[in-house]
Amino acid sequence: MVAEWQLLSDLSFADFVMWVPLEDGKFLCVAQARPTTAPTAHPEDVVGSEVDTEDHPQLRRAIDESRICREEDPRWHLGVPVRRETIPVRLGTQVIAVLSRSTNLAVPRVPSPLEISYLGSAADLCQMIADGTFPAPEPSPDVHTSPRVGDGLIRLDPSGAVVFASPNALSAYHRMGHASDLVGVHLAPLTRSLIGDPFDATEVAQRIRQALDGQPSMRMEAESRRGAAVLFRSLPLRPRGQAAGAIVLCRDVTEVRRRDRALMSKDATIREIHHRVKNNLQTVAALLRLQSRRLSNPEAKEALAESVRRVTSIALVHETLSMSVDERVDLDDVVDKVIPMMSDVAVTETQVSVRREGGFGIVPAEIATPLVMVLTELVQNAFEHAYAPGQRGEVVVHSERSAKWLDVTITDDGKGLPQGFSLERTDRLGLQIVRTLVDSELRGSLSLRRRPRGGTEAVLRVPLRGRR
């Protein structure tokens with residue numbers, strides 16, 4: 001009931017409050033809805049409040065008499081005249097709750113075809129609630145995304161002919177290609193003739209006819225021959241079991257779909273760019289490897305090997321972004337690909353293994369590349385400087401994530417930092433790169449210190465708040 005009743009509130013130009021009877025004779029308010037088509041009668045929140053039958057006798061009458069009960073005279077509520085009526089909510093043969101419909105009478109309303117049609121449709125639906133035939137036993141999963149009253153409403157008579165169409169509904173059909181008025185036209189065949197896809201055309205027409213036969217339908221979107229995209233939903237009107245036609249809600253979503261397609265095209269373009277960047281970086285890494293094989297100078301070969309490693313780390317990030325739809329990177333996946341690469345380097349020079357603990361989670365693309373670069377440089381620094389050739393050891397990459405921070409600790413059990421070491425004054429290229437990336441790109445902090453039981457500990461803290 002609550003999933004559907006915004007439709008009722010807008011058609012009624014009234015507030016709806018759901019009351020549940022308690023064992024002590026009182027009634028508890030469990031839900032509240034305000035109209036988008038008229039001023040509210042309940043500016044205060046009444047959910048959770050209790051009332052006595054003395055103050056609201058019509059609540060008990062609706063249950064005892066199992067019918068809609070209307071007050072003859074309006075009451076004043078917070079300085080506003082309010083007319084109230086109660087509608088029993090039936091499940092099978094049992095009344096399980098009562099809806100209170102409160103209309104703000106402070107603003108005079110001039111009867112118009114729109115208001116008359118809205119109120120007539122609301123009256124039929126409210127009677128169906130009292131009959132136990134509305135809403136359907138199984139709530140529609142798409143009621144929150146289906147068209148609303150203000151988007152466009154069409155009232156059909158039992159034969160399927162249009163007796164009223166709101167201005168927004170007329171605009172939607174005009175955009176679909178129907179230039180004249182809708183009143184008097186049989187809606188199902190007209191809609192079928194306007195929709196481009198034959199399957200969608202048949203489906204929409206069939207759902208309109210099913211509503212006339214008493215079957216509610218789910219939301220459906222179709223595109224006209226002219227390229228206009230419209231959402232449809234049909235609801236049967238059968239007060240007291242008698243066929244009274246149907247209402248069709250429609251919403252023109254053409255511009256929304258155009259923006260969606262533009263965004264999808266943009267996302268696809270961005271992913272293609274990341275894919276090409278990854279391919280280009282892999283080409284650069286391959287060229288550097290070829291160049292390294294032609295050199296005999298060990299220092300030059302080592303410098304090129306480090307460059308290959310750095311370029312490959314960046315390529316892994318772009319590879320992940322090429323498969324992402326929201327410019328966000330699963331850093332655990334990237335690090336799990338980088339660590340074996342580090343281990344391969346370690347096997348040839350030392351007997352050091354790398355292990356990851358904790359989770360990095362999803363991070364924005366803007367910090368993924370510098371963060372992976374920093375991690376690989378710190379791990380590589382441990383390989384090169386913490387252990388002697390052939391020495392066994394283990395490097396542990398531990399990460400903890402909170403709402404504000406990503407904390408990463410890289411520890412080794414090697415020989416530790418040399419005396420007088422200073423991160424700010426070091427001449428190692430890798431650590432200089434790390435310091436620059438941490439300060440300028442990550443806006444974080446980094447410290448290197450000796451471990452009490454031997455080895456080195458690098459502590460990195462990266463702020464996450466304020467990043468998408």
Side-chain donor-acceptor pair present, Asp131, Thr133, cut-off under 3.5 Å = no
note = For Ala246 and Leu212, the nearest pair of non-hydrogen atoms, with its separation, is CB-CD2, 3.9 Å
task = With sequence neighbours excluded, give me every ring-ring contact (aromatic ring centres under 6.0 Å, His included) pair touching residues 209-242.
result = none
query = Is Leu406 close to Arg461 at the side-chain level, that is, under 4.5 Å between some pair of heavy atoms?
reply = no
ask   = Is there a donor-acceptor contact under 3.5 Å linking the side chains of His56 and Arg84?
value = yes
Polar contact flag, side-chain donor to acceptor under 3.5 angstrom, Arg240-Gln127 = yes
task = For the pair Phe13 and Tyr118, name the ring-plane relationship: parallel under 30°, tilted 30 to 60°, perpendicular over 60°.
result = parallel
key: Option among Leu371, Val363, Thr369, Val372 that satisfies the side chain to side chain contact (heavy atoms under 4.5 Å, CB included) test with Val334   = Val372
Glu203 side chain reached by Met220 side chain, heavy atoms, under 4.5 Å = yes
request  = List the atom of Gly184, the atom of Ala161, and the distance in Å for their closest heavy-atom pair.
outcome  = O-CB, 4.3 Å
Residues that Arg83 engages under salt bridge (charged side-chain N to carboxylate O under 4.0 Å, His left out), provided they are two or more places apart = none
request  = Before accepting this row, confirm whether a basic side-chain N of the pair Asp260/Arg257 lies closer than 4.0 Å to the acidic partner's carboxylate O.
outcome  = yes
ask   = How long is the span from the CE atom in Met128 to the CZ atom in Phe134, to the nearest 0.5 Å?
value = 7.0 Å
Side-chain donor-acceptor contact under 3.5 Å, Asp15 with Thr40 = yes
key: Arg225/Asp197 under salt bridge (Lys or Arg N to Asp or Glu O under 4.0 Å): CA gap, chis, key distance, verdict   = CA-CA 8 Å; Arg225 301 179 188 274; Asp197 185 277; over 6 Å; no
message = I'd like to know if Arg233 and Glu4 make a salt bridge, using a cut-off of under 4.0 Å between side-chain N and carboxylate O.
response = yes
inquiry  = Any salt bridge linking Lys337 with Asp333? Criterion: basic side-chain nitrogen under 4.0 Å from a carboxylate oxygen.
reply    = yes
ask   = Should Val17 and Val46 count as side-chain neighbours, where that means a heavy-atom distance under 4.5 Å?
value = yes
request  = Please lay out, stage by stage, how Glu221 and Arg251 fare under the test salt bridge (Lys or Arg N to Asp or Glu O under 4.0 Å).
outcome  = CA-CA 9 Å; Glu221 182 177 335; Arg251 179 196 303 164; over 6 Å; no
key: Check ion pair Asp124-Arg238 (N to O, under 4.0 angstrom)   = no
request  = Assess the side chains of Asn168 and Ser166: does a donor N or O sit below 3.5 Å from an acceptor N or O?
outcome  = no
message = Please check this pair: side chain of Arg401 against backbone of Phe360, looking for a donor-acceptor N/O pair closer than 3.5 Å.
response = yes
message = Please check this pair: side chain of Ser224 against backbone of Ile195, looking for a donor-acceptor N/O pair closer than 3.5 Å.
response = no
query = What heavy-atom pair brings Leu464 and Ala403 nearest, and what distance separates the two atoms?
reply = CB-O, 4.2 Å
task = State whether Glu255 and Arg175 are salt-bridged, where the test is any N-O pair (Lys NZ or Arg NE/NH1/NH2 against Asp/Glu carboxylate O) under 4.0 Å.
result = yes
